[in-house]
**Q** 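Below is the structure I would like to discuss, written out as structure tokens.
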Amino acid sequence: MSRPWTSRLAARTHTLLLRPSRPLAPQCTALRLRDGAQSFSHSSTRWDEQKGDGRPKRVPARPRTESLLENIYGASQPARGRPTPQQQQQQPNAMSDLSQSMVFQALNKSNIDTSALSGRPSEAVQPRDDELEPYHFHIHSHKHNTHITCTKPNREPIISMSCGNIGFRKSRRGTFDSAYSLTKYVLERLIHTGWPMKIKRIELVLRGFGQGREAAVKVLMSPEGKVFRDKIVRVADSTRIKFGGTRSEKPRRL
């Protein structure tokens, strides 16, 4: 029969009291914080128990690990102090480099008025030659007559004539020969009055589909129109096109 539980408890207590005690090693409580790949500790050293004589052994603390960003991008550069006035003079100015850039050079060459940004009074921008309005040479040709008008850039007429002004009458005014003679006469009048020296650019404006249209172009392409042919910068057609409008004339019966 087994012993009662009281006797068993007393025997175990006696055994624990007779066992030799082991010295307890003082250990330093360390608070470890993990942030990325770094580990920090309040204690610079840690204590570890030696197996031999039971005395504590002082062991150096675990070395501090580098951060993940330093492993990838390298060590950060030390903070630079405020530069001295001599260093500021030696260093190039950022605004001077910006003013020498291609963008500012393009703005200086353009016709954009940037005086409002700098606070200076605005200056009148001179228009370029290709932006100036040229002289106009109008040729209005229909089946009954041909009209030629030369105007200034502001649309003021210099000379305006038709085939009737040079002696053609009735049905002869709408012929090819009358328009050819009229164009030659107008160009001669302009040359004798000295207008080729004043006219630098001229625009040819054609209107209508009569015989005088081709006659005037033939004169300009001939030696008589060489003085003005080199000054033509644009050829335009201002023929009127009717959309609906009034009733057309009845066809002629023969």
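Computed from a predicted structure; not experimentally measured. Below, each value reflects all heavy atoms present in this structure, side chains not excepted, and no hydrogens, waters or symmetry copies.
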**Q** Tell me the closest heavy-atom pair linking Cys150 and Leu190, and the distance in Å.
**A**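 The pair with the smallest heavy-atom distance is SG-CD1, 4.1 Å.
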**Q** With distance as the sole test, does Thr239 use its side chain to make a donor-acceptor pair with the main-chain N or O of Gly208 at under 3.5 Å?
**A** yes
**Q** Identify which one of Lys152, Arg155, Arg234 satisfies the salt bridge (charged side-chain N to carboxylate O under 4.0 Å, His left out) criterion when paired with Glu133.
**A** Arg155
**Q** Under a single-linkage definition using a 4.5 Å side-chain heavy-atom cutoff for Ile, Leu, Val, Met, Phe, Trp and Tyr, are Met161 and Ile191 assigned to the same hydrophobic cluster?
**A**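 In one cluster with Met161: Ile191, yes.
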**Q** For the side chain of Arg172 and the backbone of Arg169, is there at least one donor-acceptor N/O pair under 3.5 Å apart?
**A**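 Side chain of Arg172 to backbone of Arg169: no pair is present.
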**Q** I want to check something: taking the side chain as every heavy atom from C-beta on, are Thr149 and Ile159 in contact at a cut-off of under 4.5 Å?
**A**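 No - every pair of side-chain heavy atoms lies 4.5 Å or more apart.
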**Q** His144 vs His142 aromatic rings, parallel, tilted or perpendicular, using cut-offs 30° and 60°?
**A** perpendicular
**Q** Would the distance check show the side chain of Arg201 and the main-chain N or O of Leu132 forming a donor-acceptor pair, the cut-off being under 3.5 Å?
**A** yes
**Q** With a 4.5 Å cut-off on side-chain heavy-atom distances among I, L, V, M, F, W and Y, is there a chain of contacts connecting Tyr185 to Val227?
**A**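 Same cluster: Tyr185 reaches Val227 through Ile, Leu, Val, Met, Phe, Trp or Tyr contacts under 4.5 Å.
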**Q** Keeping Asn165 on the side-chain end and Ser162 on the backbone end, is there a donor-acceptor pair under 3.5 Å?
**A**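 Yes; at least one donor-acceptor contact below 3.5 Å.
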**Q** On a heavy-atom basis, which atom in Leu182 and which in Cys163 lie closest, and how many Å separate them?
**A** CD2-N, 3.6 Å
**Q** Would you say Val219 and Phe209 are hydrophobically clustered, going by side-chain heavy atoms of ILVMFWY under 4.5 Å?
**A** no
**Q** Should Val235 and Val186 be regarded as members of a common hydrophobic cluster, given that ILVMFWY residues are connected when their side-chain heavy atoms come within less than 4.5 Å of each other, either directly or indirectly?
**A**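 Val235 clusters together with Val186.
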**Q** For a quick check under 3.5 Å, do Ser178 and Thr175 share a side-chain donor-acceptor pair by atom type?
**A**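 Yes, side-chain donor-acceptor contact under 3.5 Å.
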**Q** Minimum heavy-atom separation for Val205 to Ser238, with atom names?
**A** CG1-OG, 3.5 Å
**Q** Around atom NZ of Lys218, are there more than 12 heavy atoms of other residues, nucleotides or ligands at under 6.0 Å?
**A** no
**Q** Can you tell which of Ile158, Ile232, Thr151 makes a side-chain contact (heavy atoms from CB on, under 4.5 Å) with Tyr135?
**A**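 Passing option: Ile158.
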**Q** For Ile199, is there any backbone N or O sitting under 3.5 Å from a side-chain donor or acceptor partner on Lys231?
**A**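 Side chain of Lys231 to backbone of Ile199: a pair is present.
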**Q** If I compare all heavy atoms of Phe176 with all of Gln211, which pair ends up nearest, and what's the gap?
**A** N-OE1, 3.0 Å
**Q** Any chance the side chains of Ser248 and Lys242 put a donor and an acceptor closer than 3.5 Å?
**A**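 Yes, because at least one side-chain N or O of Ser248 sits under 3.5 Å from a partner of the opposite role on Lys242.
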**Q** One pair to check against side chain to side chain contact (heavy atoms under 4.5 Å, CB included): Arg240 and Arg207. What are the steps and the verdict?
**A** CA-CA 8 Å; Arg240 274 45 171 177; Arg207 177 180 172 185; 3.7 Å; yes
**Q** In terms of hydrophobic clusters joined by side-chain contacts under 4.5 Å, are Phe137 and Ile166 together?
**A**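 Result: yes, single cluster for both.
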**Q** Please determine whether a side-chain nitrogen of the Lys or Arg among Asp237 and Arg213 lies less than 4.0 Å from a carboxylate oxygen of the Asp or Glu.
**A** yes
**Q** Does some side-chain heavy atom of Met221 sit less than 4.5 Å from a side-chain heavy atom of Arg229?
**A**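 Touching, per the 4.5 Å side-chain cut-off.
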